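Just so you know, these numbers come straight off a predicted model, no measurement behind them. Sequential numbering from 1 along the given sequence is applied to the chain's residues.
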Amino acid sequence: MRLDRSCLPEDFGKGAFAARIMTADGPCIVGFLGGAAFDMTCAFGTMSRWMEEEHPVAAIRQRGAPLAIDLDALLANSAHDARDPSKPWLLAPIDLQAVKAAGVTYVRSMLERVIEERCRGDASLAAAVRVEVRGIIGDDLANLVPGSAEAMRVKEALVAKGWWSQYLEVGIGADAEIFTKCPPMAPVGVGSKIGVHPNSAWSNPEPEAVMVVNSRGRIQGATLGNDVNLRDVEGRSALLLGRAKDNNASAALGPMIRLFDDGFSLEDIRRAEIALTISGRDGFTLDERGAVGSISRDPTDLVAQMIGAHHQYPDGAVLYLGTPFSPSKDRGAPGMGFTHKEGDTVRIASPRLGALVNEVDRTDECPPWAFGTGALFASLVRRGLPRP
């Protein structure tokens, strides 16, 4: 794997960014402003604490210490198979925040979830069921407002036909699906391996925009995410969601958080397009893209359903918004659809957020998660950080 400046947003030199970097001394939080780097670790210690600032970008100017970083070397050393642990590399750009995800927020992925359910996790049935589902439901659900009177009329019609689904319930019903993707500190960053459980025969990436939210529910910025999913496991039963979603190295985030400022806002996320490319060692290639704006629920609505009077996250949270598409291109026998193979390179990119690149491996072959909250605080104490 080779990582270079193509992983950075196209206007990196004009934006404000927050990154986490592993060094020989321990993890550091770093701000980038106008292409220049600033150490934020002395001021805040953790990314979670920095995101509690009313104006994180202003904090870079006011409290950041200029830092010399060789970006080319940093990116190159972030590739798992070229990494020198004595030199800096990029981590997932969050630390203590809760890692949450919204499911079934796009019609295209909602229909794929219905297909999984009807197949009971058997990928060989997917093509036939996909035709049947679309024949009954169609694609016109894209214009439905979840929870609206019209959506409830559609529900009644589908129930009458025996085609109602738990996925349709959260897709067009009043309540969004919000679940815990993995524990804090568990996500991997750009260049790292991502894990697929070897017991799964039907898996895929889920390219998503991810909101970075502080404890007050304020969205401070965004990054890219890969909500790796075991489709056959979830298809057997929605009660297996945790087993399908939360495995070693199954959550990726990065390459950095793009902070909201005068030149980048939530509206830019709404207008963004996410591209997914997959390159396999077997010669397989896939190239798909989807618009964040085709989401059925606005990001602010999803964040409000995640955090508020009934759910608090004192260290903040990140929220995967859901995937605009699930790859369905056949890989192998016709009708079998897509599934990952070891060695796949997955690239999730959006022009103003950069590119999140990872390589697929078995969950038990990915590096075990060993650096958790306790290790983070031990490292900060050892370095006397943060400093008043």
Electrostatic pair Arg270-Asp298, nearest N-O below 4.0 angstrom =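 Result for this pair is yes, salt bridge flagged.
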
Kindly say whether [Y] contributes a backbone atom to a donor-acceptor pair with the side chain of [X] at under 3.5 angstrom?
X      : Y      : result
Thr223 : Val210 : no
Arg362 : Pro198 : no
Gln312 : Gly308 : yes
Asp330 : Pro334 : no
Asn229 : Asn204 : no
Ser350 : Ala272 : no

key: Contact summary for Ser86 and Ala24, nearest pair of heavy atoms   = O-CB, 4.1 Å

[atom1] of [X]: more than 12 outside heavy atoms within 6.0 angstrom?
X      : atom1 : result
Arg2   : CZ    : no
Arg243 : CZ    : no
Lys14  : NZ    : no
Asp81  : CG    : yes

Measure the shortest side-chain to side-chain distance between [X] and [Y] over non-hydrogen atoms and say whether it is less than 4.5 angstrom.
X      : Y      : result
Asp364 : Asn248 : no
Val292 : Arg271 : no
Leu380 : Thr46  : yes
Lys341 : Arg281 : no

message = Under a 3.5 Å threshold, yes or no: a donor from one side chain and an acceptor from the other, between Asp39 and Thr41?
response = yes

inquiry  = My understanding is that only residues two or more places apart in sequence, or in another chain, count here; which of them pass ring pair (Phe, Tyr, Trp, His ring centres under 6.0 Å) with Phe264?
reply    = Phe260

